[in-house]
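Reviewing the structure listed below.
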2 protein chains.
Amino acid sequence: MITMLDVSRRAGVSKATVSRVLNGTGQVKQSTRDAVFRAMEELGYRPNFLAQSLATRSSNSIGLVLSNFDGPYFGKLLRQAAKDVEASGKHLIVTDGHDTPEDEIEAVRLLADRRCDAIVLYTRHMSEAQIMRLFETLPMPLVVINRDVPQARDRCVFFEQQQAAFEAVSYLIGQGHREIACITGPLGTPTAQQRLAGYRAALAGHGIDYHEARVAEGDNKVPGGYEACRQLLANGAPFSALFCSNDDMVIGAMRALSEAGRTMPEQVSLFGFDDQPAAAFLQPALSTVYLPIDAMMETAIRQTLRLLNRQPVAALAPFTGQLRLRGSVARGPFA
Amino acid sequence: MITMLDVSRRAGVSKATVSRVLNGTGQVKQSTRDAVFRAMEELGYRPNFLAQSLATRSSNSIGLVLSNFDGPYFGKLLRQAAKDVEASGKHLIVTDGHDTPEDEIEAVRLLADRRCDAIVLYTRHMSEAQIMRLFETLPMPLVVINRDVPQARDRCVFFEQQQAAFEAVSYLIGQGHREIACITGPLGTPTAQQRLAGYRAALAGHGIDYHEARVAEGDNKVPGGYEACRQLLANGAPFSALFCSNDDMVIGAMRALSEAGRTMPEQVSLFGFDDQPAAAFLQPALSTVYLPIDAMMETAIRQTLRLLNRQPVAALAPFTGQLRLRGSVARGPFA
DNA sequence: CTGTTAGCGCCTTCAC
DNA sequence: GTGAAGGCGCTAACAG
């Protein structure tokens, strides 16, 4: 491994000078600058990132921890993050939270140990208290996605899950449905709870009774949606519409429904959540809630950079859902 | 930020001793060990990862670069990598290659600058020469996924793309299809080229002429599959089966076909590639090629660790496809 | 403009 | 068993 010392010797200057041309700091005569560059070139020198970071106490990178690498719109989210971070001239370093609060915290700590300049945390599991604790103990800025911590609204980017679910189900009701089934996500996660709450609120708001037999818990995955839907069918409580906590589960549910001889959307209308790329191409084309994850991530990164630069920051506005209405919803029996 | 020096003072010992108990190296009296631990605890000490790495010249982490964060089975792949790497007590650090050879190389270099102990590269774009150059210049072990470099079979984990495509299309032919259309991936990538080559080889092997009008280039995404399929339909060359370079494009194609009034699998049989989670739940259930990405990633990590530990390594066997036969293929007109 | 001198926080001989 | 001292590779005053 060739070091700055090697370069300095080859160019006949001191390490300090090499450092100067490397970082473009201070004044260096053009001729010696050239000499240094040439030496670096000839030796194939690459600065040692660790040494640089240690000396400057800044790794010029921001860390991102995701609750689970294999989440639904995870790829999109990651791409957006990479793009925005790199646009700022910094590096992105990503870590997986293994879908448990402990590991999510540990992941954050690891990034902190790595001296990331700032950290962005997309959590599905941490409690508000745990997040607060991080806010208080971390020596670098932290921005949280997907959770609302009222005491730190300037560092929280979140989505009005319940409201969006409420609107989706209200739409179904508006179309004449009253017997509406629901497949939830893992009920251990706030996100799934909130979407379920939105479903319940919509029913309640329209004077429709809540029936346990019309609700099944899924795992946000395709096969899970299939199983949950079979459960629903087995329960025997009739339904003319089905609201799912995400699009993937709708795909599974569609198969269960068609195996049961139900036609869609005639006999069963469908509503999803996420608006994943395939949604518009399913048959029937899926009505769903659009989740502006790229915008959310962009906001998160932008705010993070602000905090990093000690610019004034204001509370962030919650993101709201947007219904994408497509062919999967037909008029219901009460239209 | 509290350092080792703080801990040493608090515990009334030297930095060296703190270092010893931290790393479990050397002999330390139990009582002083306890004192040190207590001091670390009380101060909330966390070792500075950068300083550690710089001093030991090892970051205890392995780097992974992916051609594109938003690839199809990307999440699965990443999860597997994280799991295997962490099982070895190291950290995983991931980077995006932005789907260009230059950025893929740059990403590798960045990881090298970070002094990763080893690097795993999943590339879609780099040429063999570029990969060879990396093999020669990187100071740490490199293992490549998804590319076969004959001179370095012990560091290449790859899949027999062409053979798998050949088998899939041969199966269609065996079922009585002769007019078989094909939607390829981006033809700039070796993967797409190889799958197309497999398609052509299968046709040729069965004495069937190749028709350009039955081939359209897609982009591996759902909407791209839709567009490509419409193109195929517009071309006017009839086909009783459609082979797609990946499952996502099949989803798009299915919509185009049904919009054109084609029934599946009766009028058009379908075959995909990837066996993504939704494949078995589409209607008709999709026949596709299973790609053992987790096994491939596991192999890659395992081999990487071997190289790291200077254990003897042998050439890696290529991975082969496995057909998942489901309802999307009906008997063809020549059955 | 450029070189010298101290660190950054930790590990690691080498003595005691 | 423990401490002192030097070094990992680079940056950052401070002098000239």
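In this text the structure is predicted, and so the values were computed from the model without any measurement. The sequence lines fix the lettering, A, B, ..., with proteins before strands; numbering per chain opens at 1.
Within a 6.0 Å sphere centred on CD of B/Glu41, heavy atoms belonging to other residues, nucleotides or ligands number 12 at most.
The side chain of A/Ser14 contributes no N or O atom lying less than 4.0 Å from OP1 or OP2 of C/dT4. Phosphate contact (OP1/OP2 of C/dT2, side-chain N/O of A/Thr17, threshold under 4.0 Å): absent. Proximity of A/Ser19 to the phosphate of D/dT11: a side-chain N or O atom is located under 4.0 Å from OP1 or OP2.
Rounded to a whole Å, the CG atom of A/Asp6 is 11 Å from the P atom of D/dC8. Nucleotide C/dC8 holds its P atom 14 Å from the CE atom of B/Met4, rounded to whole Å. Rounded to whole angstrom, the span from the CZ atom of B/Arg20 across to the P atom of C/dC11 amounts to 11 Å. Taking atom CZ of A/Arg33 as the reference point, atom P of C/dT2 lies 9 Å away to the nearest angstrom. Counting to the nearest Å, the P atom of C/dT2 and the CG atom of A/Asn23 are 16 Å from each other. One can place CG of B/Asp113 at 13 Å from C1' of D/dG9, the figure rounded to the nearest angstrom. Taking atom CE of residue A/Met1 and atom P of nucleotide D/dG9, one finds them 9 Å apart after rounding to whole Å. Nucleotide C/dC8 holds its P atom 15 Å from the CD1 atom of B/Ile2, rounded to whole Å.
When the salt bridge (charged side-chain N to carboxylate O under 4.0 Å, His left out) test is applied to A/Asp103, no partner is found at least two apart in sequence or on another chain.
Applying a 4.0 Å cut-off to non-hydrogen atoms, the residues of residues 39-55 of chain A that approach DNA chain C are A/Leu54, A/Ala55, listed by residue number.
If you check distances only, the side chain of A/Arg57 never reaches the base of C/dG7 with a donor-acceptor pair under 3.5 Å.
Although no hydrogens or angles enter the test, the distance criterion places a donor-acceptor pair under 3.5 Å between the side chain of B/Asn48 and the main chain of B/Leu50. A donor-acceptor pair is defined here as one N or O able to donate and one able to accept, closer than 3.5 Å; such a pair exists between the side chain of B/Asp6 and the backbone of B/Thr3.
For B/Ser61 and B/Ser59, the side-chain atoms include at least one donor-acceptor pair closer than 3.5 Å. No hydrogens or angles considered: a donor-acceptor pair under 3.5 Å links the side chains of B/Glu86 and A/His98. Using a 3.5 Å distance cut-off with no hydrogens or angles, the side chains of B/Thr191 and B/Gln194 do not pair a donor with an acceptor.
Comparing B/Thr56 and B/Val13 against DNA chain D, the residue whose closest nucleotide sits nearer the 5' end is B/Val13. When each of B/Leu5 and A/Val28 is assigned the nucleotide of DNA chain C with its nearest heavy atom, A/Val28 is the one assigned upstream, toward the 5' end.
Between A/Phe74 and B/Phe74, the ring planes lie parallel to each other; the angle is under 30°, not in the 30° to 60° tilted range.
Nearest to the side chain of B/Ala16, among D/dA4, D/dG1, D/dA12, sits D/dA4.
With respect to B/Arg79 and B/Asp294, no salt bridge is recorded, no charged nitrogen being found less than 4.0 Å from a carboxylate O.
Residue-level contact check: A/Thr32 touches the backbone only, with heavy atoms under 4.0 Å from sugar-phosphate atoms and none from bases.
Axis angle between the ends of the helix from C/dC1-D/dG16 to C/dC16-D/dG1, five pairs each and rounded to 10 degrees, works out to 40°.
Both tests pass for B/Arg155 against the ring of B/Phe135: distance under 6.0 Å to the centre and angle within 45° of the axis.
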